[in-house]
2 protein chains.
Amino acid sequence: MDQNPPRSPSVTVADVACKAGVSKATAARVLGGYGTVSDHVRDAVTAAARALDYQPNELARSMTTGRSGTIGVVVGDIENPFFSLAMRGITDVARQTGFTVILINSGEDAATEKSAIRTLLAKRVDGLIVSPAKESDADHLREAARSGRPLVLLDRGSETLDIDTVIADDRHAAEGITRRLIALGHRRIAYITACDTPEHRFRTPADINTGSVRRRIEGFLDVCLEAGLEDMEDWVHVGAVTPEHTHRIATVMLKSSRRPTAVIASDSVIGLEVFKVCRELGLTIPNDLSLVSFHDADWTSVTTPPVTVVRQPVYGLGEAAAKLLVERLNGNTAKATRVVLKTEVVERASVAAAPT
Amino acid sequence: MDQNPPRSPSVTVADVACKAGVSKATAARVLGGYGTVSDHVRDAVTAAARALDYQPNELARSMTTGRSGTIGVVVGDIENPFFSLAMRGITDVARQTGFTVILINSGEDAATEKSAIRTLLAKRVDGLIVSPAKESDADHLREAARSGRPLVLLDRGSETLDIDTVIADDRHAAEGITRRLIALGHRRIAYITACDTPEHRFRTPADINTGSVRRRIEGFLDVCLEAGLEDMEDWVHVGAVTPEHTHRIATVMLKSSRRPTAVIASDSVIGLEVFKVCRELGLTIPNDLSLVSFHDADWTSVTTPPVTVVRQPVYGLGEAAAKLLVERLNGNTAKATRVVLKTEVVERASVAAAPT
DNA sequence: TTGAAAGCGGTACCAT
DNA sequence: ATGGTACCGCTTTCAA
């Protein structure tokens, strides 16, 4: 009985107003749900809108209100379970609070991140959540902060930046597991991270541009020093940026005559690869090698042996960041906060006393 | 020397034009990179823009051009490795082609999905990629398609819908693994999926609203029938929507006196949970139970034994969907395509002959 | 309660 | 090559 509604150049408030026999302003009031309208008129406009299949144009609305109802998120790699879980936390909060999320992958590349932020700002997002690849050049972060739109740093962020930040207590976690390993007699403890340095080798924590990782390494080195272990810097391996890189690094390391007796993996993707290399090399965990990984990824509990991990409240990290951002969006102008969430070591069976 | 640039109510083309001593139209031309301008004027405008720290407003641009440079993506759950990997494929293509991605999680809920699409359409995304939770009521999909903005269905999509779709050859994969299990002597083969039916029990594939899963179950049942196995419908378990649900279902199933000798898990999250339950119950894989899972998740290769999986080209699925969408955006108006990507069975060690 | 009209920040057409 | 100006679709004074 009714034809296919003519869906050409989109129905506007003016059209609805016309059909309802009222002014544009009135129609806009009922359609936009603001101002006061008589019931009679409201019904007429609503009916007209339905008849015409009116679809509001958020873009136009954003133009005048200055708010887009959108938050921009920049992460290193959405494929990484860490980020996808944090993202879940962010999107959940966003939906609950009526926001929508624009996601951009930086690939952990500073230049891409920079342009991502520009793009997001140009699209007039109301706020930003960024997990900065490098903290060294943070100009674009400052710029974003100055743009007037709130910015929250996720999992990373330098102490020097006066910006809202949500992180886990990585340093504390690293100290804990390092102490535990040392207590078990380990002296040759390796730390493997994706973060790279210009020379592809590690000298000092200052070389590490990723806050969360830097803090972990500092904790690791401090505890080692405290225990009288020196030159542990040599045991820090950088550049495990892809599974292939990690595979190469782990293989060389574990084939070495002076191979470590324990390995700390900076994330679950690296931990998984180290686990695989052990298998290939016929190394038994935990007899030949103890393994601890950051991030309680799903696979860590089903391997043989299951692996001991640092459980980070990843979902909570995303959730907290989003909540903090929404507060700012709602006018909270208190000075920059630094939210630090607790981690927890989940002891499983991949850690044992050092081989004698 | 220069003060903090006054960042209040954003700099516009008019401001730049004024400062550069040209008209708004001219300034817009150089800022927008269209039309023709003399080098002299271009430099002046560029300089003025930099001095004022001009930031273009994409919203305003979108208003007049009608294109937002944005594509909307609706998936069931970004936390699921399947979707996060597909998302990676999508975002990579988007970035390469100059688009930006808005992500909404439907939580596999039809109502949420519906409103997500409305929201996205209201935000005037240029196109949509949706992984529909249910195919039964696809009105919102039709509506989206009719809105004039291209829509591509990801991993799911019914044959009856005349909409671009990118899927894997799930049916073929299911047939292959079912044949293999039967050849190994299995007769009691269970299939576990997250898809649910109103009565929380399975009767016929027609009850399954998720295309990819329905095709798999059809393949499974057909091959069983072909082999003379009847009433295999009883071995299909639905409702494994969360790890907790899966745990319950798998426990009941595997504790039963007439427990299956083989299990097919419809995704890696379910497969992982079944694996865990086997451990808890002291069931040895593959001696007591053979296990096959869809999705070659990272953990499947490091368990003991490693598990046999159906490898789906997940990244490729996202990539193909995004490419198809971009083509449409570039004016390709050929009739709706159905891209089917090949799967591959990765034989590992979780499948053996049925216990005698 | 309702209507008229001025923007929001660009784009694009039409003159000059 | 440049300037003037009418939109895009909605919100928001300000009057009536």
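Below, chains carry the letters A, B, ... as their sequence lines are ordered, and counting in each starts from 1.
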Nearest whole angstrom, please: distance from the [atom2] of [N] to the [atom1] of [X].
{"X": "B:Tyr54", "N": "C:dG9", "atom1": "OH", "atom2": "P", "result": "10 Å"}
{"X": "A:Glu58", "N": "D:dG9", "atom1": "CD", "atom2": "P", "result": "15 Å"}
{"X": "B:Asp39", "N": "D:dA1", "atom1": "CG", "atom2": "P", "result": "10 Å"}
{"X": "B:Leu59", "N": "C:dC8", "atom1": "CG", "atom2": "C1'", "result": "10 Å"}
{"X": "B:Arg124", "N": "C:dG10", "atom1": "CZ", "atom2": "P", "result": "20 Å"}
{"X": "B:Gln55", "N": "C:dG10", "atom1": "CD", "atom2": "P", "result": "10 Å"}
{"X": "A:Arg61", "N": "D:dC8", "atom1": "CZ", "atom2": "P", "result": "18 Å"}
{"X": "B:Asp15", "N": "C:dG10", "atom1": "CG", "atom2": "C1'", "result": "13 Å"}

Minimum-distance nucleotide to [X] side chain [options: [options]]:
{"X": "A:Thr64", "options": "D:dT5, C:dG9, D:dG9", "value": "D:dG9"}
{"X": "A:Ala60", "options": "D:dC10, C:dT1, C:dG10", "value": "D:dC10"}
{"X": "B:Met63", "options": "C:dG10, D:dG3, D:dG9", "value": "D:dG9"}
{"X": "B:Val41", "options": "D:dT2, D:dT5, D:dT12", "value": "D:dT2"}
{"X": "B:Ser38", "options": "D:dT2, D:dT11, C:dG10", "value": "D:dT2"}
{"X": "A:Thr36", "options": "C:dG9, C:dT2, D:dG3", "value": "C:dT2"}
{"X": "B:Ala28", "options": "D:dC10, D:dG9, C:dT11", "value": "C:dT11"}

Under 3.5 Å, is there a donor-acceptor pair between the side chain of B:Thr70 and the main chain of B:Ser68?
yes

CZ-CD distance between B:Phe83 and B:Glu108, expressed to the nearest 0.5 angstrom:
5.0 Å

Out of curiosity, B:Leu103 CG to A:Thr100 OG1, how far, rounded to the nearest 0.5 Å?
9.0 Å

Let me spell it out: for each of A:Ala14 and B:Val37, pick the nucleotide of DNA chain D with the closest heavy atom. Which residue's pick is nearer the 5' end?
B:Val37

Does OP1 or OP2 of [N] have a side-chain N or O of [X] closer than 4.0 Å?
{"X": "A:Ser62", "N": "D:dC10", "answer": "no"}
{"X": "B:Tyr34", "N": "C:dA12", "answer": "no"}
{"X": "B:Thr12", "N": "C:dC8", "answer": "no"}
{"X": "B:Thr26", "N": "D:dT2", "answer": "no"}

Spell out yes or no: do the side chain of B:Arg29 and the base of D:dG3 have one donor N/O and one acceptor N/O closer than 3.5 Å?
yes

Any donor-acceptor pair, under 3.5 Å, between the side chain of B:Lys24 and the base of C:dG10, if you only look at N and O atoms?
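Indeed there is one.
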
Are B:Arg61 and B:Glu58 close enough for a salt bridge, meaning some N to O gap below 4.0 Å?
yes

For residues A:Ser62 and A:Arg67, determine if any side-chain heavy atom of one lies less than 4.5 Å from a side-chain heavy atom of the other.
no

Closest non-hydrogen contact found for B:Ala20 with B:Val45 is CB-CA, 3.9 Å

